[in-house]
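Heads up: the structure comes next, in C-alpha cells.
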Amino acid sequence: MKGKIEIRVTVNGEEHHASVEPRLLLADFIRENLDLTGTHVGCEHGICGACTVLMNGDSVRACLTLAVQADGAEVETVESLGDSENLGSLQRAFREHHALQCGFCTPGMLMTATDMLRKYPLETEDEIRVGLSGNICRCTGYQHIVDAISAARDERNKK
Amino acid sequence: MSLPNDVELTRPQYVGATVTRREDPRLLSGEGNYVADIKRHGMLHIAFRRSDQAHALIHKIDIGEVLSLPGVIGVYTGKDIAEIAKPYKATSRMKNYQATYIPPLAIDKVRYVGEAVVAVVAESRYIAEDALGLIEVEYRPLPVLVDPEKALEPEAPKLHEQLGSNVLAEREFARGEVAEVFVNAPVTVGGRFHFTRTTPVTLETRAAVAEYDKGAKSLTLHSTTQIPGIVRDKLSEIFDLPGPRVRVIAPDVGGGFGGKTSLYSEEIVASAISRALGKPIKWVSDRMEDLMTTGHAFDEVVYADIAVTKDGEIVGLKADVIGDVGAYSIYPWTATIEPVQVVSFMPGPYRIENYAARVRAVATNKTLTGAYRGVGRPISVFVMDRLLDMAARKIGMDPAEIRRRNLVNDDEFPYKAASGLVWDKSAFQSCLREARDKIGYEELRREQNLARAEGRWVGVGIASYAELTGVGSRIAVAPGMPINTGTETCNVAIDSTGAVTASFGIASQGQGMETTLAQVVAQELGVKLEDVEIILGDTAAVSHSTGTYASRGAVFGGGAGTLAAQAVREKIIRVAGHLLEAAEEDIEVGDGNVWVKGTDSKMTIRDLARALYSNMGSVPKEMRDEIDNLEATKVYDPFFGTTTAATHMCLVEVDPETYNAKIKKYIVVEDCGKVINPMIANGQAHGGVAQGIGVALMEEVIHDDTGQVLTASLVDYVVPSAVEVPSMDVMHVEAELPGTIGGFRGLGEGGTIGAPACIANAISDALSPLGVEIMELPATPERLFRLIEAAKSL
Amino acid sequence: MKPALFDYIRVTTVDDAIRALGSCNDAKVIAGGQSLVPMLNFRMVDTPLFVDINGIDDLRGITETSNGGLRIGALTRHFELEVSPLIQERYPLLHEAMKYVAHLAIRNRGTIGGSISHADPAAELPALAVLLDAMIVARGPRGERQIAAVDFFEAPLTTSLEADEIVTAVELPPLPENSGWGFEEFAQRHGDFAVVGVAALVGKYGARISVFGAHNTPLRAREAEKAFGSGDTNAAAEALQSEVDPSDDLHGSADYRRHLAGVLCKRALNNAMSGYAL
C-alpha cells in the first residue's frame, strides 16, 4: 500500500494541510512543500544541526523527524524570527557580532540558540559552548557565535 | 546648498572600518539563495549509483526494471554521457607530469569507492534513490592500491594502463651544498612525518542545477563552485558551446575552503542530462557523497631532516615528500597542487641556504585530492616547525629563540627562499615578537614549570609561517597549468538611473566579499557604501575570471575594484568639470556627490549620470564620444603577489590519564597588510584556526585495506564543535604595506596553515618529559595513548 | 540519503501498538526517532511498517512508586529527565548523566524507552539502568512483564524484547540510603557517543559499577565491585579492565578503551566515595 497520509501542520503561525508519504522528512516538507528554504539540510543524520527547527516550542532536528510526526504540531523555522527588513533581536546580535560567514549553519544556530536561551541560564561561556555543540559551524570558529549569544543572554536577563 | 568646509575630512574611510555585513540580513532570515533552494518548472533530480569497489573492472550494468518505477525518467551510464560530453583532463607543462582523463561517469573501470557509475533521473530525489537500489553492477575486482609508498614502486599494478607508472608528478629542488652540510653539521634531527588525509566539510554540500534552453541552445549552471569562470570555460569546451551560451552562476554558497575549487563530474553530468532532456536538472550531494567525493586534502608522508649549528642556526634542510593524490589528477589544478606546494614552502620564513627536496605525487585507489585551505603549507609548516622544535630540544635552546635566530630579518627582504619563492617584506620577526609579548611567553613557561611539578602535562606551541597570497601572473598557482590564475577583472558602472554596480568574476563562499569589496569600491569611487551593488560569481558579469581560491579575493578583487573605480571616478570628474564649469583638478568626489573645492557648487553623481545619459545636450557630443559612459573594466595582475606572515602560539594540556589534548590558550599574530574590515579579518583567522584544530586533533579520512572509506558520516569523520575550539586572540600587525594595490595581503588560509604545527609542537612540548614527538596528525587520544604507552615501556 | 518507502500507523494506546506490531512481520516502533531516523536515511534498515507511539499518553510522565522509587514512562524525553526535580533529588547521577547525552535538540525528542530499546552499548541510559537495578517494563500480546536491566541487554542493539513487545516504562528502585555517586564519560567531541563511560555508586554495601562503551552491552561490573571491597579503587579499576571485553572501532581501540575503563572507574569511584563520606 505505502499510502500517503493527511497531515495538518502549523508553520510560523500558518496552518498547512498536505498529503505526504510517511517517509518524507520534516526538513524536506518545510523546504520543498512549503518553500521555506531557510531551514537547511547539512547531513541528514542528526550531527550538523543546520536543519534545527522548533516543534511545539522545542528545538528538534528536522532531518530526524518525519513530516507525519509533525501532524498537529506548531513548527517554527528561522523565517519566524524576522525577515531581512526587520531582523529579530537574536538575528541582530548575530549580525553585530559577525556570528555568521557563509550562513549555511546559521538558521540551525539561531533556532538552537532560541531554545537554549529559553531553557538555560547560560551563565558562562562554557555553558554556551556546550549548548552549541550539536551545531557544526565550519566558518566562524564559533567565537563570534558565542559572543552573539552572550549578548542575547544579557539582553534576555535585563527583561 | 553649501558644504561644510571640512567635507574632505569627513569623507568616509570605509577601508579599515568594521562594517556590518550586507550579506547578513538575507542569510539570517532564511532569504538567502543557495543552489539547493533553486526550484524550476519541470525540474528533475538525479542521484548517482557510486562504486563500492576501490579498483575493479565494470563487467556489467543491469538496470533491470528501473525505468518502470513510477517517477523514474532516465538512466545514464558512462558511455551514455560520453556521447554528450567530451572527455577532459588536467594538463600541465610541468616536466615529469602525467595527466589522467577523468570520465564524468566511470567507463569500463572504477578507481575509487564513491566514483559515480550510473546516474538516475527522477521526479524526486527520493524516487531516484529508490531506483539506485534496483540497479545491479557487476565488478571484476583488481588489486587495490591504498599505500602510496607501495603504489610508487615500478612493479605496482597501474591505475591508468596508458601511463608509465602511478607517479603522476615528480619534481626536485636543490640549492647549496646539502649533502656536505649534513655530513659536517654539528646537530641533525629528522624523521618520518605523516599528515593524514582530511576533507573540507563545508556545511553546504556541493550542488548543481543545470538548465539547458533548447531554443536558445544555451546552458545555465547554478553551482556551489568557487571557480565559476573555470567551470564555464571547460563546459564550453566539453559541450562545444560558445562562451556566451554557457553561463555559470555561484549564488549564495555555504563555505568552500578549496573543496569547491575543482570541476566536478556531477556538474558535467547534470549539464549533459539537461541538454539531453531539455529539462532543468538538480543534484544536491548528500553528506555521505560529500565525504566520499569532494576533493580530499593533504595526505603526505614526508621524510625530512634539518641540520643546525650549536647556536641554532639552520644550515641545511632536506625533504622527500610522497603525496597520495588519489585516483585521478584533479581538474584544473592537477595532482601537483598539494604535494608540490609542500616542498615549495618547506623552508618557510626561515633563512635556509642549503635545501634539497624531492616530491612525488602518487595515484592510489582513493578519492582525488585537491585544494583545501592552506594547500600543502599546513604540512610544510608542520614538518619545518616540528624539526625546529626537535632541534631546539637537542641543543637545549628555547623554541622561540631558535625561531628568532632563523626568521628572515627586516633588512633581508626581498628574500629569495631556497625553493625559489621570493618573500616581499613582511613582518616575520615582529609577528613572533608581538606573539611572545601578547601571550606572555615567559610567564607561560613559568606556569608550565609549575604545572609539570604537579604532574600535569602542559605544553607551549609555536609556529611561524609565510605564504604567498594574491599570486599574480609571475607564478601559476599550480605549476605549468594552462590557466591564468594571475589576473582578475572588475567592471564598475554607473547606469542611467545613477546606480553604481561593481561586477566581479570571483565568488564569495562566506568571506563577506559583498561587504569588503563594496568598502573598497565605495571609497575609491567616492560614493556611499550602501549605494554600491556588488555582483559576484556570475560568468555573465565579466569576460574572464578564475574565481576565489588561494587567498586571492581581497588582493585581486580589491585591486581590480580599485582600478575600475578610479577609472570611473576620472570620468565623473571630467563630466563634472563640464557641468560645474570648473577645472578638473578642482573637482572633488565623495559620498555620492561631486563639488568644486572651496565652493558651494555641487551636484549628486546620480544627477550627473542622468545629465550624461539622458539629458541630451547637457554634455557635448565630443565629450560623450570621448568618455562613452560612466563605466570601466579593469584587470589587475599583482604579478609576484605578496607575502602574508604570522606566528601562532598556544598552550595545550594533555590529560595524563585519558590523553585528551585540550587547547587552553590560542593566539594569532599576523601581517595581512592593510585590513579592509577588522571584524571580518578576525573571523577568517578564527575559522582557519578552528579547521586547523580539527586537522591537528580529530579529523581524518580513513580507508581500510580494500579502499573502503570508513569515515563516510559525520559520526566517524569528526569535526570540532564549539567545545573543542577555544577562544582565541587575533592581532593584526600592519607593518610596512606591500606593493599590491591598496596594500592588501591575503588572509583566508593562514589560520589553517599555522594551527596544526602549533598544536603538534605544544603536545610534543607537553610530552617532552616522556620523549614523545608528534610525527603524525591528528593527535587523537588513541594515537597519544599508543605513543605514550610505547614511551613508557622503553 | 532519503528513507525508502514504508507504511506508518499512529496509535494512541499500547494495545493498538501491540496489535499493529503483530499485524506485520518486521514492523517496528518509532518513538523519538533520534537513532532510528538516521538509519532510515542511510537506508540501513528496511522496515515495512512503523508504529508511531508518540501519541500514547499513558507512556508519559515520571511517577513515584510505592517502594519509594520512580516509574518513568517510556515516552519520557531526555530533556524531561534532565530537568525533573524528582530525578535530580533521587537520582542525582541520572541528572548529571543527561548532560552527556547528545544535544538539546536530540534530548528534546529522544525518549528513555527508545534509548533502552535501541540498546547502544555506548549509551548512558542503558548503563544507568543496569547500575540502578532498573526493571524494564514491557508489554506484548501475552501481557506485561518486567525484565531486570542486567538481563535485558543481550548484544549491541539487541535486547530480550520480543518483536511484538514494547517497552512501556522503566522502574527504578530507590537508591540505597546514603549512597555517593560518580559519573564519568569520555568522548573527544562533546555530546558524541561515549568512547567509554563509567557510573558508580558507593555506600555501606560497597560499590556498584557499570560501564558503557567498553563491552558489547552495558556491563554491570560485578568483579570490579567485588574487588572494590570496602574502598580499593585501584583494585576495582584493575578488575574492571579484565572484566570488560571492548572492541576496536574508529573512535578507539580495544586497548585504549580498556585503559579508559580503568581510568574512569577510578575517577567515578573517587567521586562516589567523596560523596559518600559527606
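A quick note: this is a predicted structure, and the numbers were derived from the prediction, not measured. Numbered from 1 within each chain, the chains take letters A, B, ... in sequence-line order.
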- Query: Does B:K260 reach the main-chain N or O of B:G255 with its side chain, forming a donor-acceptor pair under 3.5 Å?
  - Reply: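 Between the backbone of B:G255 and the side chain of B:K260 there is a qualifying donor-acceptor contact (under 3.5 Å).
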- Query: Quick one: does A:R138's side chain have a donor or acceptor within less than 3.5 Å of a partner on B:L203's backbone?
  - Reply: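 Judged by distance alone, no pair lies under 3.5 Å.
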Where does [X] contact chain B at under 4.5 Å (heavy atoms): side chain, backbone, both or neither?
X: A:E79; result: both
X: A:L36; result: neither
X: A:T140; result: backbone
X: A:I136; result: both
X: A:E125; result: side chain
X: A:R92; result: neither
X: A:L100; result: both

Need one label for [X]: side chain, backbone, both or neither, based on atoms under 4.5 Å from any heavy atom in chain A.
X: B:M728; value: both
X: B:V715; value: both
X: B:Q684; value: both
X: B:P726; value: backbone
X: B:Y34; value: side chain
X: B:D37; value: both
X: B:I693; value: neither
X: B:T205; value: side chain
X: B:Q509; value: backbone

Should [X] and [Y] count as an ion pair when the cut-off is N to O under 4.0 Å?
X: B:R21; Y: B:D24; result: yes
X: A:K119; Y: A:D115; result: yes
X: B:K39; Y: A:D35; result: yes
X: B:E514; Y: B:R22; result: no

- Message: Heavy-atom pairs under 4.5 Å with chain B: which of A:G103, A:S84, A:G141 has the most?
- Response: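 Going by pairs under 4.5 Å, I would pick A:S84.
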- Message: I'd like to know which of A:N135, A:L24, A:L132, A:L81 tops the heavy-atom pair count under 4.5 Å against chain B.
- Response: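 Max contact count across the listed options: A:L24.
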- Task: Check the pair B:D130, A:R23 against salt bridge (Lys or Arg N to Asp or Glu O under 4.0 Å), reporting the backbone distance first and the verdict last.
- Result: CA-CA 12 Å; B:D130 293 343; A:R23 65 169 167 171; 2.8 Å; yes
- May I have the step-by-step check of salt bridge (Lys or Arg N to Asp or Glu O under 4.0 Å) for B:K665 and B:D729, ending in yes or no? CA-CA 8 Å; B:K665 276 187 186 158; B:D729 278 326; over 6 Å; no
- Classify the ring geometry between A:H40 and A:F104 as parallel (under 30°), tilted (30 to 60°) or perpendicular (over 60°).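 Plane angle under 30°, so parallel.
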- Message: Quick check on A:E15: does its CD atom have over 12 non-hydrogen neighbours (other residues, nucleotides or ligands) under 6.0 Å away?
- Response: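 Above 12, so yes.
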- What do you reckon, is CD of A:E127 surrounded by more than 12 foreign heavy atoms closer than 6.0 Å?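 Enclosed: over 12 neighbouring heavy atoms sit under 6.0 Å from CD of A:E127.
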